[in-house]
Amino acid sequence: MGWLSNLLLPGRLRTGPTALLPARPDPKTLLAIAQLADPEARPDGDDVLAGGSRVQPPIELGPDLLAKLGVPGEEPLWACRIAADGPLPVDFFDKSLAEGIAYRLGGWSVCQGEPVDPAEEGGGDPVVYLPAVPEPEEVLPALAGLLHADAVDGDRWPEGEVVDGVVHVPVRRGRVADVYADDDLVITIEEGHRVPPVARARWPYLTEIAVARVSPAGRTEETPPAAEATGGTGDPEDADDTAAVASGDEVAVAGGEGTARPEDVDDPDALESDAAETGAAETGVVEGGAGSGDDAVAVARDALVKRAAVALEIAQRLQGIAADSRGFQLAEPADVLPGGYAGTPLA
């Protein structure tokens, strides 16, 4: 690498998106991870092409370069920069791709000068991509045995009703179509999302899809940025609607019906995204109570795996695609945990 490339390298990596990894990743491992986000990902020379983005081969970075990136520590890391292949990728897919690779390989991600440890942010809300919003008559039988409610909390769900042990709240305003819940989980079905690469491979003819988000009940933290608030799709318009409902602002209603306010949607907390889990992982406060240290982390991880198991079951019953909050497909519940590919190069 020439002196000019060395001079420009920190700036390019800092701008990112870049995955910073503790060990040099095996090319087959990188490809396998990329194919979780885009089943049509393929090698192209030393790069991997996925969803209109190019995962460049790893470069070893010493402490001096890492300090320029704002990453602490003396151990070297391996950097894989994500670059647009042609026009700039839409929907922040390049950013979620870098974060997803780092999450699975136990590393950091850097974008616009901000280093982030995705594992410390938590796994977010598992989602299920669906080709269209299913009718309650389809969803309620699919949720039988997954959610368990004996009665409706009238304060929280004034328009809810218990059907076969599931609280159903018909919304049909704005982005949110229906909410299904029990005391522990909330399933929010949202329409009008752009199609992420993992779903485009199965439904290439669609221009938008529905998303069923599996969230913990009783969430109150602030809504995160656009790419996280949309369950990995990175659609800013979707995020604006979701964030507005959660924060108390008005949301435009499809079909010119006026505006939907939070009280119309019944449960603003159900619409918030990963931020609550982030707070849980960092502060030790987990769903259902307070904790500290390793016990709190273990409880948060168990809760995340439980939500992923529910997402996988919903995907199977409704013929959808289960994915994590960054749009990486899940094959089993443990796939939602960090570091799943660390130290296990593929043969």
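Since we're looking at a predicted model, the values are computed, not measured.
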Determine whether [X] and [Y] fall in the same hydrophobic cluster, where Ile, Leu, Val, Met, Phe, Trp and Tyr are linked whenever their side-chain heavy atoms lie under 4.5 Å apart.
X: Leu130; Y: Tyr205; answer: no
X: Leu185; Y: Leu312; answer: no
X: Leu147; Y: Val152; answer: no
X: Ile209; Y: Ile189; answer: no
X: Leu146; Y: Ile187; answer: yes

Taking the side chain from [X] and the backbone from [Y], do they hold a donor-acceptor pair closer than 3.5 Å?
X: Tyr103; Y: Val336; value: yes
X: Gln35; Y: Ala32; value: no
X: Asp182; Y: His148; value: yes
X: Arg175; Y: Gly192; value: yes

State, yes or no, whether a side-chain contact exists between [X] and [Y] at a heavy-atom distance under 4.5 Å.
X: Val110; Y: Pro17; result: no
X: Pro43; Y: Pro27; result: no
X: Leu97; Y: Phe328; result: yes
X: Glu161; Y: Val167; result: no
X: Ile82; Y: Gln56; result: no
X: Lys28; Y: Leu30; result: no
X: Leu49; Y: Val55; result: no

Going by side-chain hydrogen bond (donor to acceptor under 3.5 Å, both in side chains), name the residues that satisfy it together with Arg54, two or more places apart in sequence or in a different chain.
Asp44, Asp47, Asp85
Applying side-chain hydrogen bond (donor to acceptor under 3.5 Å, both in side chains), can you list everything that pairs with Arg317, at least two apart in sequence or on another chain?
Glu313
Could you walk me through whether Val169 and Tyr180 satisfy the side chain to side chain contact (heavy atoms under 4.5 Å, CB included) test, starting with their C-alpha distance in whole Å, then the side-chain angles of each, then the deciding distance to 0.1 Å, before giving a yes or no?
CA-CA 6 Å; Val169 186; Tyr180 304 86; over 6 Å; no
What pair of heavy atoms forms the shortest contact from [X] to [Y], and how long is it?
X: Ala19; Y: Ala98; result: CB-O, 3.7 Å
X: Leu330; Y: Ala308; result: CD1-CB, 4.1 Å
X: Ala217; Y: Val186; result: CA-CG2, 4.0 Å
X: Ala50; Y: Phe93; result: O-CE2, 3.2 Å
X: Gly100; Y: Ile33; result: O-CG2, 4.5 Å
X: Trp78; Y: Pro25; result: CB-CD, 4.4 Å

[atom1] of [X] to [atom2] of [Y]: how many Å apart, nearest 0.5 Å?
X: Leu318; Y: Glu138; atom1: CG; atom2: CD; value: 7.0 Å
X: Asp335; Y: Tyr341; atom1: CG; atom2: OH; value: 6.5 Å
X: Thr29; Y: Arg24; atom1: OG1; atom2: CZ; value: 12.0 Å
X: Asp183; Y: Asp150; atom1: CG; atom2: CG; value: 7.5 Å
X: Asp94; Y: Cys111; atom1: CG; atom2: SG; value: 6.5 Å
X: Leu20; Y: Trp108; atom1: CG; atom2: CH2; value: 9.0 Å

For Ser215 and Asp125, test the side chains for any donor-to-acceptor distance below 3.5 angstrom and give the result as yes or no.
yes
Take Val127 and Val214 through the test side chain to side chain contact (heavy atoms under 4.5 Å, CB included) and record every step on the way to the result.
CA-CA 6 Å; Val127 299; Val214 184; over 6 Å; no
Walk me through whether Val211 and Val128 qualify under side chain to side chain contact (heavy atoms under 4.5 Å, CB included).
CA-CA 6 Å; Val211 173; Val128 179; over 6 Å; no
What I want to find out is whether [X] reaches [Y] closely enough, with some N-O distance under 4.0 Å, to be called a salt bridge.
X: Arg213; Y: Glu190; value: yes
X: Arg104; Y: Asp324; value: yes
X: Glu99; Y: Arg326; value: yes

Determine, step by step, whether Val198 and Ile321 satisfy the side chain to side chain contact (heavy atoms under 4.5 Å, CB included) criterion, reporting the C-alpha distance in whole Å, the side-chain angles of both residues, the deciding distance to 0.1 Å, and the verdict.
CA-CA 8 Å; Val198 70; Ile321 301 171; 4.2 Å; yes
